[in-house]
Every structure is written in structure tokens, then in C-alpha cells.
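In what follows, a structure is listed as C-alpha cells, so that the remarks can point back to it.
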Amino acid sequence: MKRLIAVAAACLTLGMPGSISAQDHLGNGSKVTGWEAVGRLNIAGRNMCTGSLIAPNLVLTAAHCLYDPNNGKAVDPTTIRFEAGLNGRYAKAARSVAKAVLHPQYQYRRPGQAQIGHDLAVLRLSSPISSEQIQPFATSSRAVRGDAVGVMSYNYVQKNRPNWEQPCHVLARKAQTLVMSCRVDFGASGAPVFEMVAGRAPRLVSVISAKAAMGKRRVSIGTALDQSLWDLVQRAG
């Protein structure tokens with residue numbers, strides 16, 4: 001994997017600004033049916049990531065979002081707020097987080113180092129979001145090289161509405177690490193990566209960990225889903 005990436009990958013946790021200007025249109029996020037299950041994670045009012053509902057009370061994101069990039073210390077999960085379907089001033093639903101479960105093999109690295117490998121976390125919300133209001137995403141563990149994928153994320157350019165990046169492709173896979181042609185930016189950590197198959201509703205196959213480069217080509221790094229996700233779900237309760 002190292003020879004595929006010409007520069008060190010950068011984690012994408014974003015510091016929250018003191019004030020955020022509202023944008024009142026969805027833009028290209030409307031291309032995904034049920035996109036409201038993607039939301040912004042407001043982390044202690046200081047940082048942001050992206051997450052997505054995989055059950056009425058569970059949000060999938062990147063494990064490194066649970067660490068403060070300024071000091072490397074673990075974040076109290078109860079200081080995190082999930083804003084589902086945030087579009088301008090309003091979210092479709094919002095909940096605080098009650099519990100966070102990280103992949104047991106994940107190891108946090110200092111800011112500036114690549115957050116690659118087992119970068120998964122499941123957050124249990126303080127109360128479920130009704131499936132009649134927002135339908136959680138289905139998941140898949142079948143991402144392979146050549147697959148068409150898409151990424152939906154919040155980032156420093158679009159803090160209040162989702163950005164939809166597609167089509168892009170899986171360029172390489174080693175174990176559970178994916179290299180993709182999708183372009184992402186700060187704030188996109190934990191963003192869902194969807195398989196794009198004609199005639200089928202998008203299924204979540206990975207979450208974004210970092211951005212990197214192959215030569216002069218911008219790429220993104222993701223953690224592919226596997227059986228470990230179900231272990232995290234059981235532990236999150």
C-alpha cells in the first residue's frame with residue numbers, strides 16, 4: 001500500500017469556526033435517495049466530522065474523529081452531536097451521543113500522520129431517530145478494485161450542506177484499506193462511501209479516513225467494512 005501513495009495521507013477532522021454561514025439549498029446532495037441519513041458530527045463545539053445512520057440509534061464514522069487533533073486526547077463522546085440531513089440552518093433530526101465504540105485494533109496517530117487501518121467507530125445516540133423520519137443505510141463488505149463509488153460529506157467549504165462526489169472508483173484495496181479516486185477535504189472524515197450500481201439503492205461500503213496523493217493525482221483513503229462492523233454494533237448496544 002505504501003508504494004501506491006506518494007505523500008503522507010492527511011486526516012480530515014476539521015476545527016469548527018466561531019460562526020458558520022448558512023446555505024439554504026441542497027445543491028448536488030439531492031442525487032442520493034435518502035441522503036438525510038448522512039449528517040455532520042459537531043464534536044465538542046470545536047471540531048467536525050461526517051457520519052451516517054446504519055440503525056435508528058447508531059452512527060458510523062471514523063475512529064480518529066474521537067480524538068482531539070490538537071492534543072491527541074480522547075474526546076468525551078457525550079460532547080458530540082449528530083445533525084442528520086443538515087441543510088443550511090436546519091437538520092432533519094439531531095441527537096447527542098451517549099456512547100462510542102472504536103475498532104479494537106485502531107491506533108490513533110499524531111496529527112499529520114496517516115490515520116490508516118481499522119479507522120472505524122460506531123456511536124450510539126441518546127435516543128433513536130425514527131425510521132419513518134430517516135431510513136438508515138444498508139451496508140456491504142464487497143468493495144473491490146474497479147468498483148464505482150460515491151462519497152457524501154460535509155467539509156470546510158460546505159459546512160452546512162452535504163457535498164456529493166461521484167462517480168469515482170476504487171483504485172486499490174489491501175486488506176480493509178481502500179484507495180479511491182474520490183476527492184475529499186477537511187471535515188470529510190467518517191463520510192460514507194457508497195457502491196454505485198445501476199438499478200440498486202446505494203449501499204455503504206467504506207468510510208473516509210484521509211486524503212492523499214498518487215504522484216500528482218489526488219486520492220482518498222477509506223476503511224472498508226467487514227465483519228468487525230457487526231462486532232462494533234453489538235458492543236455499542
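Reckoned from all heavy atoms, side chains included, excluding hydrogens, waters and symmetry mates.
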Is there a side chain to side chain contact (heavy atoms under 4.5 Å, CB included) between Lys211 and Asp185? Walk through the geometry before answering. CA-CA 7 Å; Lys211 63 178 180 178; Asp185 223 318; 3.3 Å; yes
Distance only, no hydrogens: is a donor on one side chain within 3.5 Å (strictly under) of an acceptor on the other, for Asn70 and Arg46? no
Correct closest heavy-atom pair for Ile221 and Met180 would be C-CE, 4.1 Å
dist Gln133:CD -> Ile129:CD1 (nearest 0.5 Å) comes out at 6.5 Å
Salt bridge present between Glu83 and Arg95 (N-O < 4.0 angstrom): no
Ignoring hydrogens, what is the shortest heavy-atom contact between Val151 and Trp164? Give both atom names and the distance. O-CE3, 3.3 Å
Locate the shortest heavy-atom distance separating Leu178 from Ala224; write the atom from each residue and the value. CG-CB, 4.0 Å
How far does CD of Glu195 sit from CZ of Arg200, to the nearest 0.5 angstrom? 5.0 Å
Return yes if some donor-acceptor pair links the side-chain N/O of Tyr154 with the main-chain N/O of Leu86 below 3.5 Å, else return no. yes
Lys216 backbone acceptor or donor facing Arg218 side chain under 3.5 Å: no
What heavy-atom pair brings Pro136 and Pro56 nearest, and what distance separates the two atoms? CG-N, 3.8 Å
If you count every heavy atom of other residues, nucleotides or ligands that lies below 6.0 Å from Glu132 atom CD, does the total exceed 12? no
Counting only heavy atoms not in Arg235, do more than 12 sit closer than 6.0 Å to its CZ atom? yes
Just by modelled atom types, is the Leu204 backbone N or O under 3.5 Å from a matching donor or acceptor in the Thr139 side chain? no
So, Ser181 side chain and His169 main chain: donor-acceptor pair closer than 3.5 Å or not? yes
Membership question, hydrophobic clusters at under 4.5 Å side-chain separation (ILVMFWY): are Leu58 and Trp230 in the same one? yes
Distance check, rounded to the nearest 0.5 Å: Gln176 atom CD versus Leu229 atom CG? 11.0 Å
As a quick check of understanding, evaluate side chain to side chain contact (heavy atoms under 4.5 Å, CB included) for Ile208 and Val193, giving each step before the final call. CA-CA 7 Å; Ile208 293 293; Val193 179; 3.8 Å; yes
Show, in sequence, the C-alpha distance, side-chain angles and deciding distance for Leu125 and Leu53, and conclude whether the side chain to side chain contact (heavy atoms under 4.5 Å, CB included) test is met. CA-CA 10 Å; Leu125 301 178; Leu53 280 175; 4.0 Å; yes
Please confirm whether the backbone N or O of Arg81 pairs with a side-chain atom of Asn42, one donor and one acceptor, at under 3.5 Å? no
When you measure from the side chain of Arg173 to the backbone N and O of Ala175, does any donor-acceptor pair fall under 3.5 Å? yes
When rounded to the nearest 0.5 angstrom, what is the spacing between CZ in Arg124 and NZ in Lys99? 5.5 Å
Ser140 side chain vs Arg142 backbone, donor-acceptor pair below 3.5 Å: yes
Taking atom types as modelled, find out whether Ser96 and Ser126 have a side-chain donor-acceptor pair closer than 3.5 angstrom. yes
Do Ser209 and His64 have a side chain donor and acceptor closer than 3.5 Å? no
Evaluation steps, side chain to side chain contact (heavy atoms under 4.5 Å, CB included), between Val170 and Val149: CA-CA 7 Å; Val170 178; Val149 292; 4.0 Å; yes
Looking only at atom types and distance, does a side-chain atom of Arg183 sit under 3.5 Å from a main-chain N or O of Glu165, one as donor and one as acceptor? no
Tell me whether the rings of Phe186 and Tyr156 are parallel (<30°), tilted (30 to 60°) or perpendicular (>60°). perpendicular
Closest heavy-atom pair and its distance - Asp68, Val75: N-CG2, 3.6 Å
